[in-house]
There are 2 protein chains.
Amino acid sequence: MKIGELAQQTGLTRSRIRFYEQIGLLKTVERRPNGYRTYPPQAVMILGLITTAQRAGFTLDEIRTLLPSDLTHWDHAALMEALTRKIADIEALQLRLPQSRAHLLRLIEDIQERPDDMDCAANAHRVLTNMLAEHPEALDVTAGDIRLLDTKDRRQSVSPGHRKKTASR
Amino acid sequence: MKIGELAQQTGLTRSRIRFYEQIGLLKTVERRPNGYRTYPPQAVMILGLITTAQRAGFTLDEIRTLLPSDLTHWDHAALMEALTRKIADIEALQLRLPQSRAHLLRLIEDIQERPDDMDCAANAHRVLTNMLAEHPEALDVTAGDIRLLDTKDRRQSVSPGHRKKTASR
DNA sequence: CTTGACCTTAAAGTTAGCTTCAAGGTTAGG
DNA sequence: CCTAACCTTGAAGCTAACTTTAAGGTCAAG
């Protein structure tokens, strides 16, 4: 299978597949006499695994150390440890999320509950002081190895699309 | 207050404070005749707010559009909308996390439950096929604007660490 | 008047995970 | 034989949120 076909079957871009090879993540690739890459059908599964693991929160680096070049020879111990650790991360996050959510709700209420005799400025100061006085970690939506971030348009650009200058000024 | 003192009081680095000014996030700063920056005591609170909002999952860009230069003149509507959206993100994540956790647990069990008459290779294939056959989003620990990531050493790099040329050959 | 702790700037570097670009080689169809 | 659709490479660019570097100015103490 040539790279174009593999790209089509996996839904990944050619550049991404070449990139994975470049960083040593995808090793099941040979060359035809003309220099073209050629992949075994297995490669579809490997790439599926990689993207699944990514969605589960593993970095490409972690995936590389876990993924055997031969799909049949896994390092059970390392794999189990990684999976277990990831579960622990999720559990830690599960504990924090309700707190963060409650804290945000409280913040909203706090802002809306402005006493009639208080002006905006004083109210703002009141709310801010309250907030910064709370546990500093109350709004912390991070847990161990895991962290919440903004994704923006990082998912699957289908059309090459119009680029967007972030224009930071 | 000079930048060193502000850095000390907030726990941030000088470079970070200058950076926030550079991207238009921190505007309460004047210059002394000698060119030194000078900050009002208020700046401590503003930086506290910024880091708190960051921990709550807001990007610096979002914070900039929400944070008024004058702490007493907030855009209530925009602020409420942002807070509400962030809560929704958290709730979406709260729904997904148990599923992801369950899926990872199932994966672990699946790997360990290898039938006695099956060799590792076949077992690996069985597990992989099972996994990739599941809902592709089952392991997806992302939700809307929110995403799980590995933090590694992104918090306070103590040692610069050895660089690694991506070129693997 | 020198030393050291501050302060200044612009520019480049860092990390992750890619994409885009520039400049070309290959191949199948008409 | 030409053209379009593939394929190749290395290098550079992108985003976010900073840090680091280089080259220098300021200031208080001794």
Side-chain angles (χ1 to χ4, degrees), chain A residues 1-8 12-26 29 31-39 47 50-51 53-55 57-64 147-168, chain B residues 1-8 12-26 29-39 47 50-51 53-55 57-64 147-169:
Chain A
M1 180 187 326
K2 284 190 290 182
I3 196 171
E5 197 188 335
L6 182 58
Q8 248 214 319
L12 307 186
T13 60
R14 297 167 182 72
S15 65
R16 192 162 163 186
I17 295 172
R18 279 190 285 249
F19 173 71
Y20 284 165
E21 178 186 346
Q22 198 184 312
I23 63 171
L25 188 48
L26 181 60
V29 50
R31 295 303 182 122
R32 295 189 183 171
N34 61 7
Y36 286 17
R37 288 171 179 81
T38 190
Y39 302 89
L47 287 177
I50 292 176
T51 51
Q54 257 191 301
R55 279 205 314 271
F58 291 91
T59 66
L60 295 185
D61 226 59
E62 289 174 312
I63 298 173
R64 176 174 39 208
R147 176 183 173 208
L148 289 175
L149 267 195
D150 203 317
T151 48
K152 301 274 176 194
D153 51 357
R154 290 186 48 69
R155 299 174 153 286
Q156 304 278 336
S157 56
V158 174
S159 60
H162 18 275
R163 306 284 303 112
K164 175 184 50 186
K165 282 294 183 192
T166 34
S168 61
Chain B
M1 182 189 325
K2 283 190 291 182
I3 197 171
E5 198 189 334
L6 182 58
Q8 248 213 320
L12 307 185
T13 60
R14 297 167 182 72
S15 64
R16 192 162 164 186
I17 295 172
R18 280 191 284 250
F19 172 71
Y20 286 166
E21 178 187 346
Q22 197 184 312
I23 63 172
L25 188 49
L26 182 60
V29 50
E30 312 244 304
R31 295 302 182 125
R32 296 187 183 174
N34 60 8
Y36 286 16
R37 288 172 179 81
T38 190
Y39 302 89
L47 287 177
I50 292 175
T51 52
Q54 258 190 300
R55 281 205 313 272
F58 291 91
T59 65
L60 296 186
D61 227 59
E62 289 174 312
I63 300 173
R64 176 174 40 208
R147 176 184 173 209
L148 288 174
L149 266 196
D150 204 317
T151 49
K152 298 277 175 189
D153 51 357
R154 288 190 50 68
R155 300 173 156 287
Q156 309 276 336
S157 63
V158 176
S159 64
H162 25 268
R163 302 279 307 105
K164 176 184 46 186
K165 278 295 182 193
T166 36
S168 63
R169 280 233 114 250

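Numbers restart at 1 for each chain; the letters A, B, ... are given by sequence-line order, proteins then strands.
The distance between atom CG of B/Leu6 and atom P of C/dT8, rounded to the nearest whole Å, is 11 Å. Rounded to an integer number of Å, the gap from A/Leu47 CG to C/dG17 P is 15 Å. Rounded to a whole Å, the CD1 atom of B/Ile17 is 10 Å from the P atom of C/dT8. With rounding to whole Å, A/Arg55 atom CZ is found 18 Å from C/dA16 atom C1'. A straight line from CZ of A/Arg14 to P of C/dT20 spans 12 Å, rounded to a whole angstrom. Here C/dT9 presents its C1' atom at 12 Å from CD1 of B/Ile3, a figure rounded to the nearest Å. Across the protein-nucleic acid pair, B/Gln54 atom CD and D/dA17 atom P stand 7 Å apart, rounded to whole Å. With rounding to whole Å, A/Arg16 atom CZ is found 13 Å from C/dT20 atom P.
When the nucleotides C/dC7, D/dC7, C/dG17 are ranked by their closest atom to the side chain of A/Lys2, D/dC7 comes out on top. For B/Phe19, whose side chain is taken as the heavy atoms from C-beta onward, the closest listed nucleotide among D/dC7, C/dC18, D/dA17 is D/dA17. Ranking C/dG17, D/dT26, D/dT8 by closeness to the A/Thr59 side chain, first place goes to C/dG17.
Within the nucleic acid shown, A/Arg18 comes within 4.0 Å of at least one base atom, counting heavy atoms only. The residue B/Arg37 sits close only to the backbone: its heavy atoms come under 4.0 Å of sugar-phosphate atoms, none of a base. Residue contacts for B/Arg31: at a heavy-atom cut-off of 4.0 Å it reaches the sugar-phosphate backbone alone, with no base atom in range.
Listed pair A/Gln22 / D/dA11 fails the phosphate criterion, with no side-chain N or O lying under 4.0 Å from OP1 or OP2. For B/Gln8 and C/dC6, the shortest distance from a side-chain N or O to OP1 or OP2 is not below 4.0 Å. Using a 4.0 Å cut-off, no side-chain N or O of A/Thr13 falls inside it from OP1 or OP2 of C/dC18.
Side-chain atoms of A/Arg16 and A/Ile50, non-hydrogen and from C-beta on, never get closer than 4.5 Å to each other. The side-chain heavy atoms of A/Tyr36 and A/Ile3, taken from C-beta on, include no pair separated by under 4.5 Å. Contact annotation: the side chain of B/Phe19 never approaches that of B/Thr13 to less than 4.5 Å [non-hydrogen atoms, C-beta and beyond].
Of the candidates A/Glu21, A/Met1, A/Lys2, A/Arg32, A/Arg37 forms a side chain to side chain contact (heavy atoms under 4.5 Å, CB included) with just one, namely A/Glu21.
Put simply, CG on A/Leu6 and CG on A/Leu47 are 5.0 Å apart, with the number rounded to the nearest 0.5 Å.
Taking for each of A/Asn34 and A/Ser15 the nucleotide of DNA chain C with the nearest heavy atom, the 5'-most of the two is the partner of A/Ser15.
Not a single donor-acceptor contact under 3.5 angstrom links the side-chain atoms of A/Tyr20 to the base of C/dG17.
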